[in-house]
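These figures come from a predicted structure and were not determined experimentally. The basis for the numbers below is simple: all heavy atoms, side chains too, and nothing from hydrogens, waters or symmetry mates. Position 1 is the first residue of the sequence, and the numbers go up from there.
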Amino acid sequence: MTFLCLMAVSLAWLAVECGVGIAVFVRCFTDKAAIEQQIGEKLGYGLSRAPFAVIVALSTALAVLASVPLGELFFFHMLLI
């Protein structure tokens, strides 16, 4: 039961991470001035919007890719129960 709860929480966390990543990635292209100002304030003015968007896109893609095998493992164990 603990293992199933761990997998369920991990899947939920990955879903939240994907949602936030997509929202931030879309915001990089819709609200350019505000996102550049926030990047400068939070991460320093040496990082521009383009590399930040690439980092966010890669992190989101990694979260999506990680959720696939975790989801398969979760549903396989649900079938075993």
> Between Gln38 and Arg27, is a side chain to side chain contact (heavy atoms under 4.5 Å, CB included) present by the stated rule, with each step listed?
CA-CA 12 Å; Gln38 284 183 346; Arg27 192 163 176 250; 2.9 Å; yes
> Testing the basics here: between Ser10 and Leu70, what is the closest heavy-atom pair and its distance to 0.1 Å?
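That would be CB-CD2, 3.5 Å.
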> If you group Ile, Leu, Val, Met, Phe, Trp and Tyr by side-chain heavy-atom gaps below 4.5 Å, do Ile39 and Val24 land in one group?
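Yes, Ile39 and Val24 fall within the same hydrophobic cluster.
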> Mind checking whether Phe3 and Leu73 have side chains closer than 4.5 Å, heavy atoms only?
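Contact flag for Phe3/Leu73 side chains = yes.
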> Report yes or no: do Phe74 and Ile81 belong to one cluster of Ile/Leu/Val/Met/Phe/Trp/Tyr joined by side chain heavy-atom distances under 4.5 Å?
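Linked, Phe74 and Ile81 end up in one cluster.
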> Determine, using the 4.5 Å side-chain heavy-atom cutoff (strictly less than), whether Val26 and Val56 are members of one ILVMFWY cluster.
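No, no single cluster joins them.
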> What's the shortest heavy-atom distance between Ser48 and Pro51, and which atoms?
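Minimum heavy-atom separation between Ser48 and Pro51: OG-CD, 2.9 Å.
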> Once you round to the nearest 0.5 Å, how far does OH of Tyr45 lie from CD of Glu36?
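The OH atom of Tyr45 sits 11.0 Å away from the CD atom of Glu36.
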> Is the shortest side-chain heavy-atom distance between Arg49 and Ile35 below 4.5 Å?
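Side chain of Arg49 against side chain of Ile35, heavy atoms only: contact under 4.5 Å found.
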> Please find the pair of heavy atoms, one from Ala53 and one from Phe29, that lie closest to each other, and give the distance.
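So the two residues come closest at CB-CZ, 4.2 Å.
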> Check for me, please, whether Leu14 and Leu4 land in the same ILVMFWY cluster - side-chain distances under 4.5 Å, paths through other members count.
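Yes, Leu14 and Leu4 fall within the same hydrophobic cluster.
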> How close do Cys18 and Thr60 get, counting heavy atoms only, and between which atoms?
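Heavy atoms of Cys18 and Thr60 come nearest at O-CG2, 3.9 Å.
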> Could you state the interatomic distance from OG (Ser59) to CD (Glu17), rounded to the nearest 0.5 Å?
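Output value for this atom pair is 7.0 Å.
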> Output the distance between atom CZ (Phe25) and atom OG1 (Thr30), rounded to the nearest 0.5 Å.
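Taking CZ in Phe25 and OG1 in Thr30, the distance rounds to 11.0 Å.
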> Quick one, Met7 and Met78 - any side-chain contact, counting heavy atoms below 4.5 Å?
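When only atoms from C-beta onward are counted, Met78 and Met7 do not touch, as no gap falls below 4.5 Å.
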